[in-house]
Amino acid sequence: MNKAIIITGPSGAGKNTIADYLIGKFSFLNYSISATTRQPREGEVDKVDYYFITVPDFKTKIEKDEFIEWEMVYTDMFYGTLKSEINRIWAAGKAIVFVVDVIGAKDLKQYFGDSALSVFIKPPSLTELRQRIMKRRTEHIDALEERMRRAKVEIKMADVFDKILVNDDLDTVFGEADDLIADFFNKKIK
Ligand code: 5GP
């Protein structure tokens, strides 16, 4: 099948919720596990949620050209898509789901071209986004402000992606995501 779905948007917009929903529903989709240098949050598991690695390890992988794309998304926090993930997932006959920041998403879309559908998840408003990040309680207040600053820039880039989904009501957005998958994979799913 050799196809990919790229899910992007600001932190807290609901990218992972939507990706989890799609992967739970469609067994032909498989999550690309990114590498990161940030600390695991409570409940996150190494090699499931991310490959949690050190900054020196991350830099070695950059030197060895092991990433399709990588980004310092926040101060001293690196995130990247490993080439080995693509081989792993396509070799298993599955389609890949990437959940990445907007710059990574643009790079991936350029790399995969028409084989990938890029989807921007937009929060209903910045006020709502702030509430969601605060509710998640995973970030320090400084990190929250950095995420909000970045979100404003990211939202301005929404139009460069193939599709935009506004994540206001979850059931609605799940239905819209189903329709995108049906279209892109030419499948009947309802
Ligand atoms: P978080 O720390 O909330 O898990 O992720 C922070 C941001 O980094 C999110 O926007 C997330 O989608 C993005 N991200 C996760 N993995 C990657 C990756 O492999 N590449 C890029 N460019 N961004 C990523």
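What's counted below: heavy atoms across the whole structure, side chains too, no hydrogens, waters or symmetry copies. Order of appearance sets the numbers: ligands from 1, and atoms from 1 within every ligand.
Under 4.0 Å from ligand 1, not a single heavy atom of Trp70 appears. If you look at Glu85 next to ligand 1, there are no close heavy atoms at all, none under 4.0 Å. Within the 4.0 Å heavy-atom criterion, the part of Lys15 lying near ligand 1 is the side chain and not the backbone. At a heavy-atom cutoff of 4.0 Å, ligand 1 is contacted by the side chain of Tyr74 but not by its backbone. Residue-level proximity to ligand 1 for Arg147 is carried by the side chain, the only part with a heavy atom below 4.0 angstrom.
There is no side-chain donor-acceptor pair under 3.5 Å between Asp20 and Tyr31. Tyr51 and Glu85 share a side-chain donor-acceptor pair at under 3.5 Å. Residues Glu66 and Ser84 have side chains that never bring a donor and an acceptor to within less than 3.5 angstrom of each other.
The local environment of CG in Asp169 is crowded, with over 12 non-hydrogen atoms from other residues, nucleotides or ligands closer than 6.0 Å.
Side-chain atoms of Val119 and Leu165, non-hydrogen and from C-beta on, do get closer than 4.5 Å to each other. Residues Asn167 and Pro123 are not in side-chain contact: their nearest non-hydrogen atoms beyond the backbone lie 4.5 Å or more apart.
Residue Ile103 places no heavy atom under 4.0 Å from ligand 1.
Atom 22 (N) of ligand 1 has its nearest heavy-atom neighbour, among Asp101, Ile7, Val100, in Asp101. By heavy-atom distance, the residue among Arg41, Arg38, Lys106 lying nearest atom 3 (O) of ligand 1 is Arg41.
A single hydrophobic cluster is not seen to contain both Ile133 and Val153; linkage of ILVMFWY side chains at heavy-atom distances under 4.5 Å, directly or through other members, places them apart.
Between Glu128 and Arg132 there is a salt bridge, with a side-chain nitrogen of the basic residue lying less than 4.0 Å from a carboxylate oxygen of the acidic one.
The shortest N/O to N/O separation between Gly9 and ligand 1 does not fall below 3.5 Å.
Listed by number with element, the atoms of ligand 1 under 4.0 angstrom from any heavy atom of Gly104 are 22 (N). Contact atoms of ligand 1 toward Glu71: 22 (N) (distance under 4.0 Å to a heavy atom of the residue).
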